[in-house]
Amino acid sequence: ENGQPLPEGTLGFDWMPSVFYDHNIEKYVIYLRANISLGCRAIFYSYSDDLLSWTTPRLIKCTPEFDKGNKQNFYYPGIYPLGKKYIAFAPHFYNKILKPDGSDRLYLNECTMVMVSDNGTEWKVVDSILNVKMNKHMYQPHVVTFREEGGVYAIYTHEGWQTQNSRMIRYEIDFEGLF
């Protein structure tokens with residue numbers, strides 16, 4: 001359940017983790033994908049003082065609640081510190097498993113969920129962006145970085161992945177009403 005230690009075998013490393021020194025808690029934090037069941041991926045976090053020893057991984061808590069039963073997926077975390085708060089741009093979709101071994105699937109509701117947090121462990125979904133129907137695994141545009149540039153916040157997205165039109169696109173962010 002949310003906030004509980006995860007069993008071994010839940011770690012997924014085939015996409016980008018979020019790792020940074022968190023000045024709010026004076027520790028390193030890492031957010032990674034947790035493969036919690038076939039076709040269902042959540043986000044977990046762990047802390048370290050030295051980047052060598054880490055606390056037991058725990059799932060983030062999410063509002064609305066993460067839907068394990070319908071194979072919800074936060075494919076990778078995309079989490080960044082933002083002053084005293086945190087923001088995430090998590091690629092999202094639902095998996096409909098068509099064959100018991102998972103070799104045939106249907107991908108639904110592809111988007112990037114924008115989530116915010118006051119403490120880095122309890123998150124609220126506040127918006128969805130990059131809502132592009134692709135029906136292919138992770139072909140939708142996704143955020144690869146977030147940064148402040150001269151007083152403006154920007155996200156850079158990878159769009160047209162695995163096509164001849166693959167490109168990076170920059171968008172500016174308006175935080176009005178997010179927190």
(Q) Distance to the ring centre below 6.0 angstrom and angle to the axis at most 45 degrees; does that hold for Arg33 and Tyr75? (A)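 Yes, Arg33 and Tyr75 form such a contact.
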State, yes or no, whether a side-chain contact exists between [X] and [Y] at a heavy-atom distance under 4.5 Å.
X      : Y      : value
Lys85  : Val116 : no
Trp54  : Ile30  : yes
Ile43  : Leu32  : no
Glu159 : Ser166 : no
Lys96  : Tyr107 : no
Ile169 : Tyr156 : no

Using the rule that two of Ile, Leu, Val, Met, Phe, Trp, Tyr join whenever any of their side-chain heavy atoms come within less than 4.5 Å, decide whether [X] and [Y] are in one cluster.
X      : Y      : result
Val152 : Ile155 : no
Leu51  : Phe44  : yes
Phe66  : Ile97  : no

Are the side chain of [X] and the backbone N or O of [Y] linked by a donor-acceptor pair below 3.5 Å?
X      : Y     : answer
Thr112 : Ala90 : no
Ser46  : Thr56 : no
Ser48  : Ser53 : yes
Ser18  : Ile79 : yes
Thr63  : Glu65 : no
Asn95  : Cys40 : no

Q | Steps toward side-chain contact (heavy atoms from CB on, under 4.5 Å) verdict (Phe93, Cys111) | A | CA-CA 7 Å; Phe93 57 90; Cys111 66; over 6 Å; no
How many angstroms lie between atom [atom1] of [X] and atom [atom2] of [Y], to the nearest 0.5 angstrom?
X      : Y      : atom1 : atom2 : result
Tyr171 : Asp174 : OH    : CG    : 16.0 Å
Phe89  : Ser128 : CZ    : OG    : 13.0 Å
Leu38  : Arg105 : CG    : CZ    : 5.0 Å
Ser117 : Lys124 : OG    : NZ    : 12.0 Å
Thr121 : Lys61  : OG1   : NZ    : 7.0 Å
Ile36  : Gln72  : CD1   : CD    : 9.0 Å

Q: Kindly state whether the ring of Tyr31 and the ring of Tyr76 have centres lying under 6.0 angstrom apart.
A: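 No, they do not, as the ring centres are separated by 6.0 Å or more.
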Q) For the ring pair His92 and Tyr94, is the centre-to-centre distance below 6.0 Å? A)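 Between His92 and Tyr94, the centre distance is under 6.0 Å.
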Q: Go through the side-chain N and O atoms of Thr163 and Asn165 and say whether any donor and acceptor fall under 3.5 Å apart.
A: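 Per modelled atom types, Thr163 and Asn165 side chains form no pair under 3.5 Å.
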Q: Please say whether more than 12 non-hydrogen atoms of neighbouring residues, nucleotides or ligands are located less than 6.0 Å from CD in Glu149.
A: yes
Give the minimum heavy-atom separation between [X] and [Y], together with the two atoms involved.
X      : Y      : value
Met113 : Val125 : SD-CG1, 3.6 Å
Pro141 : Leu130 : O-CD1, 3.8 Å
Leu59  : Ala42  : CD2-CB, 3.8 Å

Q.
Quick one, Asp49 with Tyr28, criterion side-chain contact (heavy atoms from CB on, under 4.5 Å). Give me CA distance, side-chain angles, the key distance, then yes/no.
A. CA-CA 6 Å; Asp49 291 320; Tyr28 293 96; over 6 Å; no
Q: Using the ring pair (Phe, Tyr, Trp, His ring centres under 6.0 Å) rule, pick out the option among Phe20, Tyr80, Tyr86 that qualifies with Phe146.
A: Tyr80
Q.
Taking the basic N atoms (NZ, or NE/NH1/NH2) and the acidic carboxylate oxygens, is any pair closer than 4.0 Å for Glu172 and Arg170?
A. yes
(Q) Any carboxylate oxygen within less than 4.0 angstrom of a Lys/Arg side-chain nitrogen, looking at Lys27 and Asp22? (A) no
